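Below, chains carry the letters A, B, ... as their sequence lines are ordered, and counting in each starts from 1. Because the structure is predicted, anything quoted here is derived from the model rather than measured. Below, all heavy atoms of this structure are taken into account, side chains as well, without hydrogens, waters or symmetry copies.
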Amino acid sequence: LKRLGLSYDWDRAIATTDPEYYKWTQWIFLQLYNAWFDPIARKARPIEELFTELESGRLLVGIEGEPVFSGNTEGVDAVTGLPVGTRKIHELPADELRLFIDNQRLAYMDEVPVNWCPQLGTVLANEEVTNEGRSERGNYPVYRRPLRQWMLRITAFADRLLEDLELVDWPAATKMMQRNWIGRSEGTSVKFPLGMGSSSGLDDEIIVFTTRPDTLFGATYMVLSPEHPLVDAITSAEQFHDVNAYRIAAGEKSDVDRIAEAGSGAKTGVFTGAFAVNPVNNEPIPIWIADYVLMGYGTGAIMAVPAHDSRDFAFAKQFKLSIRAVVMPDDAWLDAHGPADLRGGTPDALRATFRQDPTKFDEAFTDHGTAINSHNEELTLDDHPTLQAKAEMLDWLEGNGRGRREVQYKLRDWLFSRQRYWGEPFPILHDENGATMAVNEKDLPVALPEMEDFRPASSEDPEAPPQPPLSRSPMAWKQVVREGRTLTREFNTMPQWAGSCWYYLRFLDPKNEQRFVSPQADRYWMRGNGHEAGERGGVDLYVGGVEHAVLHLLYARFWHKVLFDLGKVSTPEPFARLFNQGYIQAFYYEDARGVRVPAEQIEERDGGFFYQGQPVIRHMGKMGKSLKNAIAPDDICAQYGCDTLRLYEMYLGPLDQSKIWRTADISGVHRFLQRLWRVFVNEDGSSRVADVEAPLELQRLLHRTIKRVTEAMDNLAFNVAIAALIELNNDLVKRYASDEVIRAAGGGAEAAAVGLGTGGLAVPRSVAEPMTLLLAPLAPHIAEELWEKLGYRDSLSRQAWPKWEQAFLIQDRVEYPVQVNGKLKGKVSVPADADDAAIQSAACADEKVAPLLAGKTVKKAIIVKGRMVNLIVG
RNA sequence: GCACCCGUGGCGGAACUGGCAGACGCGACGGUCUUAGGAGCCGUUGCCGCAAGGCUUGUGGGUUCGAAUCCCACCGGGUGCACCA
């Protein structure tokens, strides 16, 4: 791939080139294809059970082809004799039944507006489009256009994906991002009948979603998204031209333009000529179309309450639509936003003005308040606080069949097909009618065909049709004959996420040829911490960057839940604990044109930075190719060794923070390793370690170090663990000085005499061995070398982790800081078993403290055992 | 705009449940060994002060015997969300 000049990444290359791996990715896809979501049980079930449910009559087919549970129907239709709102399934023609079933699958094909990126020549998932409306990869513009594509029904799992975030030990920020992305919002759907002036002639209604049903009396117009399916039917003849022109313009707009427009606050829109009826007061209200209403959220239609929604307020002012106040704000808001001549005046005047004409205020009031101007013959909300008014309105709507409680999600189904060569082929065949069927399990994997030219069709024209490279593949691959019928393979391929969605499961059992993972391996690894089946469980610790928060981590949770529901894995969540590591950052440099220049060729002089003699500007950013500021790890390894590189990166700071690379700082950890080596090993390579007694103070330091390192490692605080080892090493260097120091002091024999060593020059084995084991996870290579110098022939990796002994953590004497009135004044050393009275008298007798107590009485002494003494004097 | 996280020496950072702030490292300074030092070794190093001593965890307040840690307000930085009805 590199030779061909194509960009690639390793995850993807491995996932799509190892048939033993993608075979099982295709198999999991078939699990999704052959499953449906039971909304009552709230779980995925095999498609066979859909047939069973249909045959038993517990599941019925709704009028619009939706599944209806018999328990949810009300009464029997007098004409058909069937439960209200259902059809006879046995009389359904085969193709309709097939359509019904296909529409229930967790992997299904649908024609929906998708993110089309002509330059990449492929469609993209919502999660792969940036806030600016560009492709995350390559940063190209993305357009919305309807295309028939493979979708995965992740929305069915929205509630469980949200709820089960409670189970996992993840960073708050990552959970927050998933919650935002799922975007659950509780509200009300309200039916607005079409009124006079509608050209449709149908008794159609428009359903809107709102979180503020209490403001329904203030709905003075309605807005449909330009793509709303009813637009054609309702638009009047006079308005047809304008509406059509607006729709075309909106369709041609890229997301980039649309989002830029949103940022400016400007609104565009066109009147359709049609009216709807506000169900609470039977007033006709005009229906507009505008692109500030998104087809992708809610029902693609809104009731506009301009007095209490800032977008509707801007739109109504621009197009001179009426604005009616139905929620009274508090006085402070009125005073802050009211007309200049009334500000600072009486609240009554402001209230009266707001009630009459909210356009005199400078923005919409969107908070909760007290309902006003809100009553009809049956219902009055006036003077009721917003929460109460919401509940009352909801009751009224439900009682009259004009609306009901509803939950909306921002999450959309996952667009799963791509028009690229490098991806797992779908294990799917199409018949002559376009119906889909699964490839037989025994025929997996469906391998990619050999092709000369497998590049995606790139174009700058948003109208360019998608052309999957596999559509140009040899006929021998494209067509499959099964039972005498010629079937065609699916030409789209899966996105890179497919393979990464479950690789952690394959890691548990990578050589298994019978299953994607054996139940034994799943149980052993995923429930290793004593979890029962169905409890959280999952991978013990998963370290990765935040950029996966709503991509890989959401997709993998979804697949895992499907596999869990189908009994293929035993835990509902894949990753028990997640840790987001920070990025290594480095300086990068831009020349006068803003072009980035290689950081390694920068000269620093005269307080400035220069590239080939030209001044450049220094910035800071994530280390990588695009900023031309990468440091090749190989070079650092060649110069210092890879243990030094490891140690340096870990010593930079906490794992979750972004850290700045500074090559100069490497010498610190490099020196540590050299000093450590010299404590253990003589210049001639012989070991300095022997079976000598370690002094008590050293034993105590060793056990303190074991404790600190162990706890730091548990917290992933590698920098702290390394610091503790450096301290231990510094102590050893002082006690058992290195060759150079001994020579300087006149040779080994005299060393003890001049105070350089207390127990001879040999380093006690009882310290050296545990220290080596503590070092092993941080600097594994040098630790193995030292282990060999200690006389072992096998790797230390099978050794038990050192344990600290409480007995060595206890000191004979304890040094207490002495505070007087909360201020630190002195320190006293007392025996560890001294009682409070003894500690206090020692504290009072301290030479720094005593003068401060002269002529005063100690009113109170706060003594915290082992911690400190605080004397309160009057 | 809303939400979340974070502010500690010249720098990276440490500090268990509120209990000696600044561990450890870098840098700097001094010494030593050297033909030499951008190597090694030995020291010093939060700030002010000759010292005694005083001050110090973004700023201001609060709780407490005691606050980097808890609470409130503000300032600064980072991240996320955002035409989501």
Side-chain angles (χ1 to χ4, degrees), chain A residues 131 171-177 179-181 183-185 187-188 208-212 215 223 258-259 261-267 290-294 296-305 308-312 314-315 366 408-410 546 549-550 580 647-648 651-654 656-660 662 664-669 671-672 674-675 678 707-708 711-712 715 717 719-727 729-730 733-734 737-741 743-745 815-827 859-873:
Chain A
N131 282 336
T174 308
K175 287 190 184 186
M176 180 64 66
M177 282 154 83
R179 285 196 192 99
N180 282 340
W181 190 258
R184 186 188 148 98
S185 156
T188 310
V208 304
F209 175 74
T210 176
T211 54
R212 292 293 299 272
T215 62
V223 187
R258 208 179 52 74
I259 288 160
E261 208 171 78
S264 76
K267 298 275 179 288
D291 64 1
Y292 82 91
V293 174
L294 311 173
Y297 186 77
T299 60
I302 60 157
M303 64 178 209
V305 185
H308 305 289
D309 180 285
S310 45
R311 295 150 301 173
D312 298 344
F315 191 84
T366 57
Q408 281 292 338
Y409 300 91
K410 209 185 87 172
V546 267
V550 289
N580 293 134
L647 217 51
Y648 171 66
Y651 194 61
L652 272 174
D656 57 349
Q657 283 178 25
S658 284
K659 287 149 293 199
I660 298 163
R662 267 192 303 258
D665 291 358
I666 291 177
S667 58
V669 284
R671 246 177 281 196
F672 161 58
Q674 288 183 322
R675 283 155 57 95
R678 266 182 263 113
K707 184 169 192 279
R708 283 178 69 193
E711 290 173 352
N715 295 328
N719 53 332
V720 182
I722 295 166
L725 285 169
I726 292 175
E727 279 182 67
N729 192 53
N730 287 348
V733 168
K734 278 200 171 61
S738 59
D739 292 343
E740 295 90 328
V741 177
R743 257 203 312 275
E815 192 172 68
Y816 281 89
V818 182
Q819 295 178 351
V820 177
N821 288 342
K823 290 252 178 199
L824 182 71
K825 291 297 174 186
K827 288 178 188 181
K859 285 199 281 191
K860 195 175 167 192
I862 294 149
I863 295 165
V864 184
K865 254 295 190 318
R867 285 281 180 201
M868 44 67 67
V869 179
N870 190 5
L871 303 170
I872 311 303
V873 299

Side chain to side chain donor-acceptor pair (under 3.5 Å) partners of [X], counting only residues at least two apart:
X: Arg675(A); value: Asn730(A)
X: Gln657(A); value: none
X: Glu711(A); value: Lys707(A)
X: Tyr648(A); value: none

**OP:** Using the test side-chain contact (heavy atoms from CB on, under 4.5 Å), find all partners of Asn180(A) that sit at least two apart in sequence or belong to another chain.
**Re:**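 With neighbours one apart ignored, the set is Met176(A).
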Subject >> Residues forming a side-chain contact (heavy atoms from CB on, under 4.5 Å) with Arg179(A), sequence neighbours excluded >> reply: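 side-chain contact (heavy atoms from CB on, under 4.5 Å) check on Arg179(A) returns Leu162(A), Leu165(A), Glu166(A), Lys175(A).
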Subject >> For Lys659(A), salt bridge (charged side-chain N to carboxylate O under 4.0 Å, His left out) partners two or more places apart >> reply: none
**OP:** List for me each residue that meets salt bridge (charged side-chain N to carboxylate O under 4.0 Å, His left out) alongside Arg671(A), sequence neighbours excluded, and say none if there are none.
**Re:**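 None.
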Subject >> Nearest non-hydrogen partners of Val208(A) and Ile302(A), listed with the distance >> reply: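 Nearest pair, atom of Val208(A) first, then Ile302(A): CG1-C, 3.6 Å.
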Using the [atom1] atom as the reference point in each nucleotide, state the distance between [N] and [M] in Å, no decimals.
N: G18(B); M: C2(B); atom1: P; result: 31 Å
N: C4(B); M: C74(B); atom1: P; result: 14 Å
N: C26(B); M: U45(B); atom1: C1'; result: 13 Å
N: C6(B); M: G13(B); atom1: P; result: 14 Å
N: C11(B); M: G27(B); atom1: C1'; result: 7 Å

Original post:
Which stems, defined as runs of 3 or more consecutive Watson-Crick or G-U wobble pairs with both pairing distances under 3.5 Å, involve RNA chain B?
Top reply: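 Paired runs of 3+ in RNA chain B: B:1-7 with B:75-81, B:10-12 with B:24-26, B:27-32 with B:40-45, B:46-48 with B:53-55, B:58-62 with B:70-74.
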Subject >> Asn719(A) or Trp181(A), whichever maps to the more 5' nucleotide of RNA chain B >> reply: Asn719(A)
Subject >> Closest-nucleotide 5' rank along RNA chain B - winner of Ile660(A) and Val669(A) >> reply: Ile660(A)
Subject >> Side-chain donor/acceptor of Tyr816(A) to base of C20(B), under 3.5 Å >> reply: no
Original post:
Taking N and O atoms by type only, does the side chain of Arg867(A) place a donor or acceptor under 3.5 Å from a partner on the base of C16(B)?
Top reply: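 Result: at least one qualifying N/O pair found.
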Which pairs, protein N/O on one side and nucleotides 1-11 of chain B N/O on the other, fall under 3.5 Å?
| from | atom 1 | to | atom 2 | distance (Å) |
| --- | --- | --- | --- | --- |
| C11(B) | O2' | Arg662(A) | NH2 | 3.3 |

Could you check how far [atom1] of [X] sits from [atom2] of [N], rounded to whole Å?
X: Asp656(A); N: G80(B); atom1: CG; atom2: C1'; value: 16 Å
X: Tyr651(A); N: C26(B); atom1: OH; atom2: P; value: 8 Å
X: Ile666(A); N: G38(B); atom1: CD1; atom2: P; value: 20 Å
X: Phe672(A); N: G40(B); atom1: CZ; atom2: C1'; value: 18 Å
X: Lys175(A); N: U79(B); atom1: NZ; atom2: C1'; value: 18 Å

[N] phosphate, OP1 or OP2, under 4.0 Å from [X] side-chain N/O:
X: Lys410(A); N: A85(B); result: no
X: Arg675(A); N: C41(B); result: yes
X: Gln657(A); N: G13(B); result: yes

Original post:
Using the glycosidic torsion, which applies to G9(B): syn (within 90° of 0) or anti (everything else)?
Top reply: syn
Could I get a table of every N or O pair under 3.5 Å where one atom is in the protein and the other is in nucleotides 64-69 of chain B?
| from | atom 1 | to | atom 2 | distance (Å) |
| --- | --- | --- | --- | --- |
| C65(B) | O2' | Asn870(A) | ND2 | 3.2 |
| C65(B) | O2 | Asn870(A) | ND2 | 2.6 |

**OP:** With sequence neighbours left out, write down each residue that passes ring pair (Phe, Tyr, Trp, His ring centres under 6.0 Å) with Phe315(A), or none if nothing qualifies.
**Re:**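 Partners of Phe315(A) under the ring pair (Phe, Tyr, Trp, His ring centres under 6.0 Å) test: Tyr221(A), Trp288(A), Tyr292(A), Phe319(A).
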Original post:
Is the closest side-chain heavy-atom distance between Ile872(A) and Asn821(A) below 4.5 Å?
Top reply: yes
**OP:** Give me the one residue out of Lys865(A), Lys827(A), Arg867(A) that meets side-chain contact (heavy atoms from CB on, under 4.5 Å) with Tyr816(A).
**Re:** Lys865(A)
